[in-house]
Amino acid sequence: MSRFMKRNLTPYTPGEQPRERKYLKLNTNESPFPPAPAAIARAAEAMASAQLYCDPAMTALREAFAAVYAISPERVTFGNGSDELLNFAFQAFCGKALFPDITYGFYPVFAALNGVPCEEIPLRADFTLAPEDYLGREGTIFLANPNAPTGLALPPEEIARLLEADPERVVVVDEAYVDFGAESCLGLTERYPNLLVIGTFSKSRSLAGARLGYAVGDAGLIGDLETIRYSTNPYNVNRMTQAAGVGVLESEDYTRRNCAAIAENRTCLAAALRELGFAVTDSKANFLFVSHPALPGDGLYRALREKGILVRRWSAPRIRDWTRITIGTRAEMEKLCEAVREVLKS
Ligand SMILES: *Cc1c(COP(=O)(O)O)cnc(C)c1O
């Protein structure tokens with residue numbers, strides 16, 4: 001920190017994106033599939049007009065999204081990745097924030113950045129979330145559903161309990177992984193004006209590098225996010241990414257097929273790892289969260305790294321013996337299994 005810095009912040013640490021050697025990257029939950037061909041074509045075409053500012057209202061993208069999700073266009077907005085929208089939500093809706101002790105690592109960072117006090121509510125011993133633990137506590141609730149890095153999902157009825165218990169409290173549901181097999185809360189936004197659902201095109205729609213996230217809610221909540229967005233950067237989603245988003249939304253079959261392939265590979269990998277003695281949570285996401293009694297701490301992470309495979313690990317005491325593995329193609333999962341077998345032998 002230089003002597004000029006007026007803030008004391010601990011930034012988020014993104015997963016490694018190494019340059020020095022070619023790894024099999026199973027550490028940041030990216031898609032193993034390229035973007036839909038229509039997304040690539042539309043983004044390239046949009047680049048030809050990049051001398052002009054993009055549409056700050058994101059009209060074409062908004063209308064394409066509203067049609068696919070059967071909502072009215074004023075109930076959605078978009079961000080430069082869903083991370084930006086989460087940051088906006090912390091700015092707009094938080095006097096205080098509540099979220100689980102084990103969840104997406106960006107929540108405490110956004111809270112600190114925006115001077116929002118927060119309270120971490122411990123997950124139960126088996127990593128499940130009990131909604132009643134949040135009742136009677138003040139604060140805007142942030143829930144990743146499915147949760148990261150556990151992969152466990154709550155049914156929308158459980159989240160509805162929180163929404164009903166206090167209609168004056170905003171609940172933000174981060175559905176980054178919802179397309180891989182969990183049930184979305186998007187339909188609940190019609191009934192609950194205090195629900196904000198945030199999602200991303202980074203994982204199931206293969207656009208992590210293009211940066212596109214969405215927020216859906218009551219027109220009131222979305223209007224408030226728009227106020228923050230226009231106060232920050234009305235051109236937050238660039239021309240090429242807006243066009244890519246439209247192309248992806250024209251390719252829903254492609255997205256569905258990719259998600260089905262990931263879910264199938266997840267089931268196979270979970271079975272293979274359980275066979276090898278791993279504990280594996282019931283993940284509904286595009287990753288598995290695993291631990292093995294013979295491989296405590298960062299043992300698995302380091303051994304796989306030496307074999308050219310990157311996975312994600314944590315140092316927080318409750319999950320320091322756990323590893324998160326992104327689901328890839330069948331061939332990638334076979335390569336991973338082979339490497340894990342070798343690690344267990346040595
Ligand atoms: C990946 C992820 C995000 C962020 O996604 P971007 O749209 O790429 O910013 C948000 N929340 C969770 C839980 C994630 O895992």
Side-chain angles (χ1 to χ4, degrees), residues 11-17 25-32 35 39 58 61 65 76-90 97 99-111 113 120 123 127 129 141-154 159 171-182 184-186 196-216 225 229 232-233 236-238 241-242 244-245 248-249 255 259 262 266 281 283-289 311-314 316 319 324-327:
Y12 180 70
T13 312
E16 300 164 84
Q17 302 288 0
K25 278 193 82 266
L26 303 177
N27 66 330
T28 49
N29 299 341
E30 288 146 326
S31 174
M58 304 184 260
L61 177 60
F65 187 95
V76 61
T77 189
F78 301 91
N80 190 311
S82 58
D83 287 337
E84 183 178 56
L85 294 166
L86 288 164
N87 189 28
F88 289 172
F90 272 90
F99 42 81
D101 61 336
I102 298 167
T103 190
Y104 188 36
F106 230 134
Y107 301 156
V109 174
F110 287 138
L113 177 65
E120 299 188 355
L123 295 176
F127 299 135
L129 186 150
I141 300 176
F142 287 80
L143 298 180
N145 194 44
N147 197 10
T150 65
L152 299 180
L154 278 179
I159 288 167
V171 177
V172 179
V173 179
D174 176 354
E175 296 194 339
Y177 300 105
V178 76
D179 298 331
F180 301 105
S184 175
C185 289
L186 219 129
L196 185 70
V197 172
I198 291 182
T200 181
F201 283 45
S202 291
K203 279 111 189 195
S204 60
R205 290 187 163 105
S206 304
L207 287 186
R211 315 302 303 128
L212 183 60
Y214 59 86
V216 174
L225 286 183
R229 190 170 73 81
T232 307
N233 175 11
N236 60 329
V237 178
N238 71 60
T241 297
Q242 289 187 33
V248 164
L249 290 165
T255 297
C259 291
I262 296 293
R266 177 183 69 208
T281 63
S283 172
K284 298 283 186 263
N286 67 339
F287 56 79
L288 288 180
F289 194 52
V311 294
R312 190 89 189 252
R313 65 167 304 269
W314 286 265
I319 52 172
R324 191 192 70 190
I325 304 170
T326 301
I327 304 298

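Start at 1 and go down the list; that is how both ligands and their atoms are numbered. Counting from 1, the numbers follow the sequence of the chain as shown.
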Within-4.5 Å side-chain heavy-atom neighbours: [X] and [Y]:
| X | Y | result |
| --- | --- | --- |
| K203 | F180 | yes |
| D83 | Y12 | no |
| L123 | N147 | yes |

Ring centroid separation F142 to F110 under 6.0 Å: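 They do not qualify: ring centres at least 6.0 Å apart.
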Aromatic ring proximity F99/Y104, centre distance under 6.0 Å: no
From OG1 (T103) to CG (L129), nearest 0.5 Å: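 Answer for the OG1-CG pair, T103 versus L129, is 8.5 Å.
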Contact residues of ligand 1 (heavy atom under 4.0 Å), by chain and number: G81, S82, D83, Y104, D174, A176, Y177, T200, S202, K203, R211
